[in-house]
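Take a look at the structure set out below.
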Number of protein chains: 2
Amino acid sequence: MNISENITFPEASQEDRSLAIREALRNAIVDRRLAPGTKLSESEVGALFSVSRTVARAALQMLAFEGLVRIERNRGAFVSNPSPDEARQIFASRRLIEPGIIAAAVERITAADIEQFRRQLEEEQRHINERGPSARRAEIKASGDFHLMLASVAGNVILQKFMDELVGRSSLVIALYGRSGISSCGHNEHLAILDALEKGDAAQASQLMLHHIDHIEADLDLQLKQGFALKDALALT
Amino acid sequence: MNISENITFPEASQEDRSLAIREALRNAIVDRRLAPGTKLSESEVGALFSVSRTVARAALQMLAFEGLVRIERNRGAFVSNPSPDEARQIFASRRLIEPGIIAAAVERITAADIEQFRRQLEEEQRHINERGPSARRAEIKASGDFHLMLASVAGNVILQKFMDELVGRSSLVIALYGRSGISSCGHNEHLAILDALEKGDAAQASQLMLHHIDHIEADLDLQLKQGFALKDALALT
DNA sequence: CTTGGCCAAATCGTATGCAATCTGATCTGT
DNA sequence: ACAGATCAGATTGCATACGATTTGGCCAAG
């Protein structure tokens, strides 16, 4: 039990490396640095992170479980290219789950939580103010984080896991089908939801959340891309 | 492209073997042939199914994602021992999701679906009539299958996946905390739900489903086991 | 010039080997 | 006799090796 061993900085890399790779790839996919359809070869991923194919493979399989990549037998892993129909199912699922999360969060939220939410929303505002593609990525990510924090406050780990998956897939869908202009309006809705939460008004917060999800989905170009779906049916299904 | 190659019987075993192992272990866990806390060593699982540790490990990791096993680093995989609190979260999640599934299913259910449901419910009834531990296992499984069929009819693959996980975990919880006597009353509730679905009455079907979930949860011994939770905090948490 | 089949390169699926870590049993010193 | 350290056995984490499958290009026949 050498103390020196424990003093080594909190073994960040010592942790499961496949988890770190999963996280890095997840961010890259959600940020759209990795375009849908991109092939993620096991050897390539392994080489990028200086690990063997074994651990790269584990990371890819985790992402496949989350729906962010699609694995075809003997062919490899590809960044998911969710169809418009899948996108609608994602938002339908969120409309079911998020009001329940609100209801649970209202019961448990603390003043400290609210303070943290406010800081998070300021961060979000900052990303909205800067323009440019990388700021837009950060904006999508920050917007997702708001919903994840909410799920965390709700205190139901299962719903939290579901929201993890749904937010990741939503970010991918927004990056794919989103129109750039209007998405910033979501920020005000986040603020309004937080205010309702602070007042303890679960019903209003739920209503606001539902409208918020509606707005996000309405901001997508799901109909026009049907011709697109035809094309990538030939290209990569 | 030899035709003879295609004629070879649909390579059922040639498919991913880890998926088959996952399924087998999943059934064993849900049927309670594998008790919570049981260690699932990679070598042991591999030997049982005549595969290498690699594929056994993949199966165990999939089960860990579903929450049916718990993997501790450098220690191995164990059958999950969900806490009463976790059980409550599972049912809270189901109360959110299943009414939404009902609403979607009402729109899409066909006469053929209803016919299939009726056959499934007859099967369920048969298991209830026989007594004995193996019949009880089959009863729990059949009851879960009803909910899974519902999710399948709803046509939302994401919710379907969530329900897969929730039903599996519920079965584990029921096997752990369930009182044997009353659970058969669930069958009538399934019938009532199906009737409401057939009439196209989504509101009533949702109400019935919520009550059904309430009844399942009320049938559990979640309070008394808190002393138990203390004990297994020392034993294997 | 087009079409079909064949072959090689690349990639995946799986088995196995080695190092690291944990468990729990023995041994020693007080 | 008991407490704590040490060591052996077992098990996991990871890397690598080998066979299987797919892919894309080349060559030949029509």
Check whether any side-chain nitrogen or oxygen of [X] sits under 4.0 Å from OP1 or OP2 of [N], and answer yes or no.
X: B/Ser43; N: D/dT12; result: yes
X: A/Arg17; N: D/dG13; result: no
X: A/Arg75; N: D/dT23; result: yes

Any N/O donor-acceptor pair, B/Arg53 side-chain to D/dG13 base, under 3.5 Å: yes

Under 3.5 Å donor-acceptor pair, B/Thr54 side-chain atoms to C/dT16 base atoms: yes

Output the rounded distance in Å from [atom1] ([X]) to [atom2] ([N]).
X: B/Ile71; N: D/dT11; atom1: CD1; atom2: P; result: 16 Å
X: B/Leu60; N: D/dT11; atom1: CG; atom2: P; result: 14 Å
X: A/Lys39; N: C/dT11; atom1: NZ; atom2: P; result: 6 Å
X: B/Asp16; N: C/dC12; atom1: CG; atom2: C1'; result: 11 Å
X: B/Asn74; N: D/dG9; atom1: CG; atom2: C1'; result: 15 Å
X: B/Glu42; N: C/dT14; atom1: CD; atom2: P; result: 15 Å
X: B/Gln61; N: D/dT12; atom1: CD; atom2: P; result: 12 Å

When you measure from the side chain of [X] to the backbone of [Y], do you find a donor-acceptor pair of N or O atoms at a distance under 3.5 Å?
X: B/Arg32; Y: B/Ala175; value: yes
X: B/Gln89; Y: A/Val157; value: yes
X: B/Lys161; Y: A/Glu66; value: no
X: B/Glu217; Y: B/Ala92; value: no

Selection from C/dT16, D/dT12, C/dG13 that lies nearest to any side-chain heavy atom of A/Arg73: C/dG13

A/Phe117 and A/Phe146 aromatic ring geometry - parallel, tilted or perpendicular at 30°/60° bounds: perpendicular

Sugar-phosphate only, base, or nothing, as touched by B/Arg57 at under 4.0 Å among non-hydrogen atoms: sugar-phosphate

